[in-house]
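First comes the structure, then the notes that go with it.
Since this is a predicted model, take the numbers as computed values, not measurements. First the proteins, then the strands, lettered A, B, ... as listed; each starts at 1.
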Number of protein chains: 2
Amino acid sequence: MNLKELAEHLGLSPTTVSRALNGYPEVKETTRARVEAAARRYNYTPNAWAKGLATGRAMSIGHVMPVSKMHEMVNPVFGDFITGASEAYVEAGYDLKLTLVGDDDETARYRALSAKGNVDGIIVHGPHLTDRRIDLLRELGLPFVVHGRASEMPADYAWIDMNNRRAFDRATELLIELGHRRIALVNGLEHMDFAHRRRDGFLAALERGGIDADPALMRAGEMTEGLGFRAASDMLARPYPPTAFLASSMVTAMGIWRALAARGLTMGRDVSVITHDDDLGYLRNGEDVPIFTATRSSVRAAGRTAAEMLLRMIGDPGCAPLQTLMEAELILGQSTGPAPRPR
Amino acid sequence: MNLKELAEHLGLSPTTVSRALNGYPEVKETTRARVEAAARRYNYTPNAWAKGLATGRAMSIGHVMPVSKMHEMVNPVFGDFITGASEAYVEAGYDLKLTLVGDDDETARYRALSAKGNVDGIIVHGPHLTDRRIDLLRELGLPFVVHGRASEMPADYAWIDMNNRRAFDRATELLIELGHRRIALVNGLEHMDFAHRRRDGFLAALERGGIDADPALMRAGEMTEGLGFRAASDMLARPYPPTAFLASSMVTAMGIWRALAARGLTMGRDVSVITHDDDLGYLRNGEDVPIFTATRSSVRAAGRTAAEMLLRMIGDPGCAPLQTLMEAELILGQSTGPAPRPR
DNA sequence: GGAACTGCCCAAAGCGCTTTGATGGCGCAA
DNA sequence: TTGCGCCATCAAAGCGCTTTGGGCAGTTCC
């Protein structure tokens with residue numbers, strides 16, 4: 001059933017039917033009601049292609065996810081982020097177009113996405129410290145929101161980010177207050193902006209605490225369970241092992257915990273662990289009592305807000321780039337305790 | 001830059017340019033080369049909407065993910081599945097359109113997706129034992145592939161599935177051979193088809209081993225870490241605790257492991273654990289040595305195959321529904337060992 | 001009573017592409 | 001020279017929708 005057929009059924013012109021369905025004021029209310037009833041009855045849905053062609057609006061948002069060549073993995077927070085964003089899209093009648101790209105052909109894919117004209121805006125995932133994608137998108141004139149920031153670039157674009165620096169600063173500070181002096185950082189890849197900022201926060205707190213950073217206690221890599229396990233195993237085998245760990249993700253923290261267990265150490269008593277917790281649906285940090293002391297920030301909420309920001313910018317092309325900074329909460333769990341007395 | 005402008009630049013008609021770019025035989029090779037060069041130079045990309053409208057093909061595949069109301073979570077295997085599927089789409093020039101739906105409005109969303117005509121096919125995620133979606137899609141006449149099966153429905157649709165029954169049968173058999181008699185199952189929600197089949201396999205192996213299934217040792221729920229922890233904690237507190245666990249996912253197994261650790265039990269010695277391992281990028285089951293003994297099947301490979309099947313079916317509408325059954329491998333890790341002597 | 005609105009509806013022109021059905025030019029055989 | 005077939009190209013129709021620019025009543029205003 002298309003518009004023309006529907007119009008014939010109703011004895012109206014396509015014009016009027018179109019206007020009735022799109023809420024234009026120049027149709028009589030009784031006519032509109034008739035049209036809407038018929039549309040429902042015949043299960044009429046406007047053809048997306050024709051509509052896109054006629055209006056120039058795609059009613060669709062592109063999400064471009066980098067997929068790491070190394071582990072051929074997509075960031076596990078992605079599912080939650082998308083879930084949040086999708087709520088906003090559904091409400092606004094938008095579709096979500098997903099593109100996964102390897103690091104190589106990325107700019108080409110952005111260009112194509114823009115030229116094909118089948119997205120109204122883009123969400124950029126996983127920004128690096130300097131990120132050419134931002135310049136490219138600005139040049140293409142396509143509205144976009146970055147999930148995260150690119151610290152080394154002028155900040156005149158739209159972004160939503162968690163205050164990574166502050167979060168890790170506070171977490172480190174807490175460990176110092178508990179008496180820890182040998183604190184290890186198991187971070188994400190530090191060319192990724194979020195990881196770089198976390199490192200900054202970590203180092204800032206150490207410095208305030210009068211503690212020299214020890215490169216041997218700092219590790220960065222893709223945030224897998226294995227990274228946590230290997231990093232912790234290595235560090236614990238050293239002459240002056242750390243008494244506390246700061247981890248960039250729950251799965252990494254679980255790897256650290258496994259390494260502790262393998263050495264017969266008890267988390268929260270022998271060794272303290274703080275992790276960042278993205279509040280993922282399938283990997284809650286405990287139910288009533290948190291397992292890990294953690295800096296927590298819901299990535300799902302971030303997804304929803306990012307989508308809302310983008311939709312607002314699409315709706316009002318003149319508006320300045322929106323920016324949102326979310327603060328993480330520091331929640332106390334069972335994985336931290338006072339530093340053990342040096343033996 | 002659109003087709004008409006490009007044609008004017010070249011002093012050709014839009015017809016010829018279109019044919020040249022789409023590989024039709026009736027243009028001279030030298031002309032084709034000229035056209036292609038110009039297209040590249042002016043960065044011409046055909047407008048997706050116009051193309052879709054003219055051809056009736058959407059060049060886009062819909063993925064419809066149910067998002068569980070209970071934990072507002074999307075299945076964590078999703079990211080990997082999509083990564084696999086996306087490889088096939090990129091090669092074939094297809095887009096991926098993602099729709100997340102709550103359990104309520106699902107049929108409406110499928111109808112809309114079909115009527116809007118902006119997908120050529122659909123991948124159905126998370127089928128239940130009986131699943132109305134399959135009837136609906138058949139009725140809509142849209143090609144589709146189900147990731148999983150719906151056991152209680154006629155199997156004349158296209159699907160790709162892992163042999164869940166066999167996998168859990170073998171895993172249970174292994175535990176029995178190791179001397180375990182009190183074996184617990186911590187499963188996914190059993191109205192989901194995969195979980196139901198795993199349960200069947202588990203029960204079949206118990207029966208062959210002459211062991212009565214104990215309802216107190218069977219738990220089903222959303223496959224979170226918390227489920228594993230709670231189920232194992234409860235069961236271990238019972239008068240006759242299990243000596244082995246079978247878990248439906250890695251995160252659940254990690255929850256079980258945490259419960260063991262909390263009671264001072266060592267996995268692989270005091271209590272054995274086997275899990276299913278979807279071979280997720282960020283949650284590898286150990287690097288060289290597997291942490292868990294596991295039934296393993298790559299969900300990423302499944303995603304890729306599902307996409308290829310769907311594309312083939314779209315390319316050849318006459319072809320019968322394709323079906324693929326993948327076998328899981330049973331890999332030995334450190335989490336299993338002989339049943340301890342009863343005290 | 002005529003002019004100027006207003007309310008409701010319609011015809012037709014696009015949007016950018018594909019595809020059908022010509023068209024003109026050229027070589028070749030009769 | 002005429003006639004035929006083939007090659008390379010083109011004009012125009014159409015995909016299903018929105019939107020511009022009327023048009024025709026009926027109403028209001030001076």
Side-chain angles (χ1 to χ4, degrees), chain A residues 1-36 38-39 42-60 93-95 112-120 315, chain B residues 1-36 38-39 42-60 93-95 111-120:
Chain A
M1 171 69 63
N2 61 23
L3 186 68
K4 201 169 137 204
E5 290 164 14
L6 183 63
E8 278 165 12
H9 270 284
L10 284 160
L12 288 169
S13 76
T15 313
T16 304
V17 175
S18 167
R19 289 188 152 145
L21 293 174
N22 289 308
Y24 281 72
E26 50 269 81
V27 293
K28 195 158 50 170
E29 277 311 318
T30 61
T31 314
R32 189 194 306 284
R34 255 182 73 217
V35 171
E36 278 170 352
Y42 294 111
N43 227 317
Y44 166 77
T45 315
N47 177 297
W49 303 98
K51 196 159 179 160
L53 187 55
T55 58
R57 269 168 301 122
M59 296 308 285
S60 156
Y94 275 72
D95 280 335
L113 214 51
S114 160
K116 272 162 64 175
N118 56 176
V119 296
D120 297 315
Chain B
M1 172 68 65
N2 61 23
L3 186 66
K4 201 170 137 202
E5 289 164 15
L6 183 62
E8 277 165 12
H9 269 284
L10 283 161
L12 288 169
S13 75
T15 312
T16 305
V17 175
S18 167
R19 287 187 154 144
L21 293 174
N22 289 306
Y24 282 72
E26 50 268 81
V27 293
K28 193 157 51 170
E29 276 311 318
T30 62
T31 315
R32 190 194 306 283
R34 256 181 72 217
V35 171
E36 278 169 354
Y42 294 112
N43 227 318
Y44 166 76
T45 315
N47 178 296
W49 303 99
K51 196 159 180 161
L53 187 55
T55 58
R57 269 169 301 122
M59 295 308 284
S60 155
Y94 275 72
D95 281 335
R111 275 188 199 287
L113 214 50
S114 159
K116 272 164 62 176
N118 56 175
V119 295
D120 296 315

Next on the checklist: How close do Pro14(B) and Ala7(B) get, counting heavy atoms only, and between which atoms?
Outcome noted: N-CB, 3.7 Å
Checklist entry - Looking across every strand, which nucleic acid part, if any, lies under 4.0 Å from Gly117(B) by heavy atom: base, sugar-phosphate, or nothing? => result nothing
Kindly list each side-chain donor-acceptor pair under 3.5 angstrom involving residues 44-52 of chain A, sequence neighbours excluded, with atom names and distances?
unit_1	atom_1	unit_2	atom_2	d
Asn47(A)	OD1	Trp49(A)	N	2.7
Asn47(A)	OD1	Ala50(A)	N	2.9
Trp49(A)	NE1	Gly117(B)	O	2.7

Checklist entry - Once you round it to whole Å, what is the distance between C1' of dT9(D) and CG of Leu10(B)? => result 13 Å
Checklist entry - Taking it one step at a time, do Asn43(B) and Met1(B) satisfy side chain to side chain contact (heavy atoms under 4.5 Å, CB included)? => result CA-CA 8 Å; Asn43(B) 227 318; Met1(B) 172 68 65; over 6 Å; no
Please tabulate, one pair per line, each protein N/O and nucleotide N/O from nucleotides 16-20 of chain D that are separated by under 3.5 Å, including the distance.
unit_1	atom_1	unit_2	atom_2	d
dG16(D)	N2	Ala50(A)	O	3.4
dC17(D)	OP1	Tyr44(A)	OH	2.9
dC17(D)	OP1	Asn47(A)	N	3.3
dC17(D)	OP2	Leu3(A)	N	2.3
dT18(D)	OP1	Asn22(A)	ND2	3.0
dT18(D)	OP2	Ser18(A)	OG	2.6
dT19(D)	OP2	Tyr24(A)	OH	2.5
dT19(D)	O4	Thr15(A)	OG1	3.3

Checklist outcome for this item: Sorted by chain and residue number, the salt bridge (Lys or Arg N to Asp or Glu O under 4.0 Å) partners of Arg57(B) (sequence neighbours excluded) come out as none
Item to check | Residue list, side-chain hydrogen bond (donor to acceptor under 3.5 Å, both in side chains) with Arg19(B), at least two apart or on another chain | outcome: none
Checklist outcome for this item: Rounding to the nearest 10°, end axes of the helix from dG1(C)-dC30(D) to dA30(C)-dT1(D) built from five pairs each make an angle of 60°
Item to check | side-chain hydrogen bond (donor to acceptor under 3.5 Å, both in side chains) involving Arg32(A) - partner list, sequence neighbours excluded | outcome: Glu29(A)
Next on the checklist: Enumerate the side-chain hydrogen bond (donor to acceptor under 3.5 Å, both in side chains) contacts for residues 4-16 of chain B, please, sequence neighbours excluded, ordered by first and then second residue.
Outcome noted: His9(B)-Tyr42(B), Ser13(B)-Thr16(B)
Checklist outcome for this item: note: Lys28(B), atom NZ; dA8(D), atom C1'; distance rounded to Å ~ 7 Å
Checklist entry - Rounded to the Å, how far apart are Glu29(A) CD and dG7(C) C1'? => result 13 Å
Next on the checklist: Does Ser60(B) form a side chain to side chain contact (heavy atoms under 4.5 Å, CB included) with Asn118(B)? I'd like the steps, not just the answer.
Outcome noted: CA-CA 7 Å; Ser60(B) 155; Asn118(B) 56 175; 5.8 Å; no
